[in-house]
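Below is one structure, written out as structure tokens, with a few remarks after it.
We count ligands from 1, going down the list as the structure has it; atoms in each ligand are counted the same way.
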Amino acid sequence: MSKLDFSKLKINTVTKLFILMLLYEGPKHGYEIIKTLSEILPFKVNPEQVYPFLHKLYKQGLTRVVKVLERDKKVYELTSEGREAVEMLLERFSNLIEIAIAPKVNVCAGCGVKIIGDGYVEVIDGKELHFCCKHCAEHYKEMKFKIRKTQKSV
Ligand SMILES: [Zn+2]
């Protein structure tokens with residue numbers, strides 16, 4: 001695996017991410033990319049946001065020019081290194097998305113099992129406790145009560 005430095009590429013805008021996605025789809029020239037981006041993004045895409053980035057990708061060996069059309073329109077294609085980079089980037093983004101949407105996980109105060117979300121909540125001795133089920137809560141209170149009883153009798 002090549003040591004690709006993402007910080008050098010500065011994938012800090014949606015536009016750049018989409019440029020990479022479009023190139024991942026197949027070879028395209030700059031104007032084609034701008035046109036497609038304007039259709040799918042909710043804001044205006046300037047050529048200044050696209051051409052310098054395309055040039056950067058080319059300079060870093062992530063793309064190659066497969067064809068030069070009329071009026072010097074260069075058709076870029078991702079190199080195998082470029083495809084790998086995009087795949088890495090996608091993986092990274094999907095991890096971030098997973099983290100962002102991961103539901104809150106609690107642990108049952110009774111049995112220690114993991115609960116997705118709040119589970120069964122009961123306030124015991126002024127403390128909000130999460131349980132996987134009502135029975136665990138009952139059991140927990142029972143145990144606590146027993147311990148108190150024995151402590152009192154001592
Ligand atoms: Zn439980």
message = Quick one: does any side-chain atom of T63 pair with a main-chain N or O of E77 as donor and acceptor, under 3.5 Å?
response = no
ask   = What pairs with Y120 under side chain to side chain donor-acceptor pair (under 3.5 Å), at least two apart in sequence or on another chain?
value = E122
ask   = Tally of protein N/O/S atoms under 2.8 Å from the Zn ion (ligand 1)?
value = 4
Would you mind writing out the side-chain donor-acceptor pairs for residues 123-134 within the sub-3.5 Å range, not counting sequence neighbours?
unit_1 : atom_1 : unit_2 : atom_2 : d
D125   : OD1    : R148   : NH2    : 3.2
D125   : OD2    : R148   : NH2    : 2.3
H130   : ND1    : D118   : O      : 2.7

Compile the donor-acceptor pairs under 3.5 Å between side chains in residues 30-38 and protein atoms, sequence neighbours left out, one pair per line.
unit_1 : atom_1 : unit_2 : atom_2 : d
E32    : OE1    : H29    : N      : 3.3
T36    : OG1    : E32    : O      : 2.8
S38    : OG     : I34    : O      : 2.8

query = Do K28 side-chain atoms and L22 backbone N/O form a donor-acceptor pair below 3.5 Å?
reply = yes
message = Around atom NZ of K74, are there more than 12 heavy atoms from other residues, nucleotides or ligands closer than 6.0 Å?
response = no
